[in-house]
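Okay, structure first, notes after.
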Amino acid sequence: MTDPTADPSSVPDADAIANPIADPFVEVPDTDATSDLVLLEATEEGAVTVTLNRPQKKNAFDFELIGALREAFETLRDQETIRVVFVQGAGGTFSAGADLEWMRDAVEHTEDDNRDDAMQMAIMLKHLHDIPALTVALIEGGAFGGGAGLAAACDMGVAVQSAQFAFSEVKLGLIAATVSPYVVAAVGPRRARRLFSSGEVFDADSARLFGLIDEVVADGEALAAAKARITRGQLLCAPGAVAESKLLVAEVAGRPIDHGLMVHTAKRIAAQRVGDEGQAGVRAFLDGKKAPWAE
């Protein structure tokens, strides 16, 4: 279900910082976060690329890959200088979902063991969801099961035309449990019921129509161009305001538009206006200058 001829966008940027997890983010790198299973590249401007690096297994999840992703996302979650985070798969495939060997082992595990395994996946996805910067899935080849869920946990997604998606757990007698909060938030309850219950394979245009991704591009070259365009746009945005905007969505989603919510939103914008970023950004705009974070 992958496209082996696709031009992968997973090649590290030539000007990326060496060992970016240690510099500029933390002084002592975590051994899990620097695992070969997950590659991190960062530019000096704060654009980070997280690459699932099991191309021989089509970037399928096992305990080790989930652990490495969990450590990487936890590290990125706590960094205020990051401006945008891209998530992609090496070798022209985003992720084929669960690793077959890992699934075979799970058949013999107890319910408690399986719950512990599933919690690691849930924690990893939550760390990704909680990163304060904009997170973007760059999808080639297949995004199946947990791979499609990983894309849903990002703030936005861009996929090549040939990409394919599925939540095929039901065909194995399973359910898309740990990814469900993010998928339901992305596509809505009714669509999620269809996708989870049918296990159908759908293409990139359908994924965009459903709300799972935001943009479809022609090929790997166009995906790289989209990545560069999104990076340029995010460098114009105040990092603190981006983080607060993401929190704001969580605060207002699903709430009735009543007096309490009106008061809350008024307080939020008032605090932002008198804060450092709000003051600097508005004054720079009125003076016809660039904001400090855009220089």
Side-chain angles (χ1 to χ4, degrees), residues 1-2 8-10 32-33 35 37-40 48-55 57-77 84-99 102-103 117-131 133-160 163-169 174-187 192 195-196 201-202 204 207-208 210-215 223 227 246:
M1 293 183 183
T2 60
S9 63
S10 57
D32 289 333
S35 165
L37 295 173
V38 174
L39 306 178
L40 285 96
V48 179
T49 302
V50 179
T51 303
L52 285 66
N53 190 40
R54 295 187 79 208
K57 296 287 188 179
K58 297 184 180 178
N59 302 313
F61 293 110
D62 63 2
F63 187 78
E64 287 76 18
L65 177 58
I66 291 171
L69 285 170
R70 185 192 69 238
E71 295 289 347
F73 292 147
E74 183 178 17
T75 299
L76 298 176
R77 182 199 63 187
V84 59
V85 175
F86 297 97
V87 181
Q88 62 186 16
T93 298
F94 190 70
S95 174
D99 180 86
W102 188 45
M103 292 175 63
D117 272 358
M119 273 302 298
Q120 295 307 307
M121 181 77 171
I123 292 168
M124 179 270 286
L125 293 169
K126 185 63 163 58
H127 286 337
L128 169 60
H129 176 267
D130 289 347
I131 290 174
L134 182 75
T135 57
V136 185
L138 301 175
I139 302 160
E140 294 182 284
F144 303 127
L150 184 69
C154 292
D155 300 320
M156 67 178 293
V158 184
V160 298
Q164 292 186 304
F165 304 78
F167 298 96
S168 52
E169 287 86 350
L174 304 176
I175 58 176
T178 54
V179 303
S180 61
Y182 311 100
V183 180
V184 172
V187 307
L195 298 177
F196 288 172
V201 177
F202 52 99
R208 184 175 63 83
F210 297 162
L212 185 62
I213 63 170
D214 302 272
E215 185 177 349
L223 192 64
K227 178 182 178 182
K246 292 177 63 168

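The number of heavy-atom neighbours closer than 6.0 Å to CD1 of Ile175, taken from other residues, nucleotides and ligands shown, is 12 or below. Heavy atoms of other residues, nucleotides or ligands lying less than 6.0 angstrom from CZ of Phe63 number 12 at most. More than 12 heavy atoms of other shown residues, nucleotides or ligands fall within 6.0 angstrom of atom CE in Met156.
At least one donor-acceptor pair under 3.5 Å links the side chain of Lys246 to the backbone N or O of Ile131. Without hydrogens or angle criteria, Thr51 side chain to Asn53 main chain gives no donor-acceptor distance under 3.5 Å. Formation of a donor-acceptor pair under 3.5 Å by the Arg208 side chain with backbone atoms of Asp214 is not found in this model.
Classified by interplanar angle (parallel below 30°, tilted 30° to 60°, perpendicular above 60°), the ring pair Tyr182/His129 is tilted.
To the nearest 0.5 Å, atom CG of residue Asn59 and atom CG of residue Leu150 are 10.0 Å apart.
When every heavy atom of Gly91 is checked against every heavy atom of Pro55, the shortest pair comes out as CA-CB, 4.2 Å. Contact detail for Thr178 and Ala122: the closest heavy-atom pair is CG2-CB, 4.2 Å. Across every non-hydrogen atom of Ser180 and Ala177, the tightest pair is OG-O, 2.5 Å. Summarising the geometry of Leu37 relative to Ala68, their closest heavy-atom pair is CB-CB, 4.4 Å, with the distance given to 0.1 Å.
Evaluated for a side chain to side chain contact (heavy atoms under 4.5 Å, CB included) with Val85, the options Leu134, Val50, Asp155, Leu40 yield exactly one hit, Val50.
Checked against a 6.0 Å centroid threshold, the rings of Phe210 and Phe202 count as neighbours.
Taking the charged nitrogens against the carboxylate oxygens, Asp62 and Lys57 have no contact shorter than 4.0 Å, which rules out a salt bridge.
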Residues Arg77, His127; criterion side chain to side chain donor-acceptor pair (under 3.5 Å); working and verdict: CA-CA 6 Å; Arg77 182 199 63 187; His127 286 337; 3.1 Å; yes
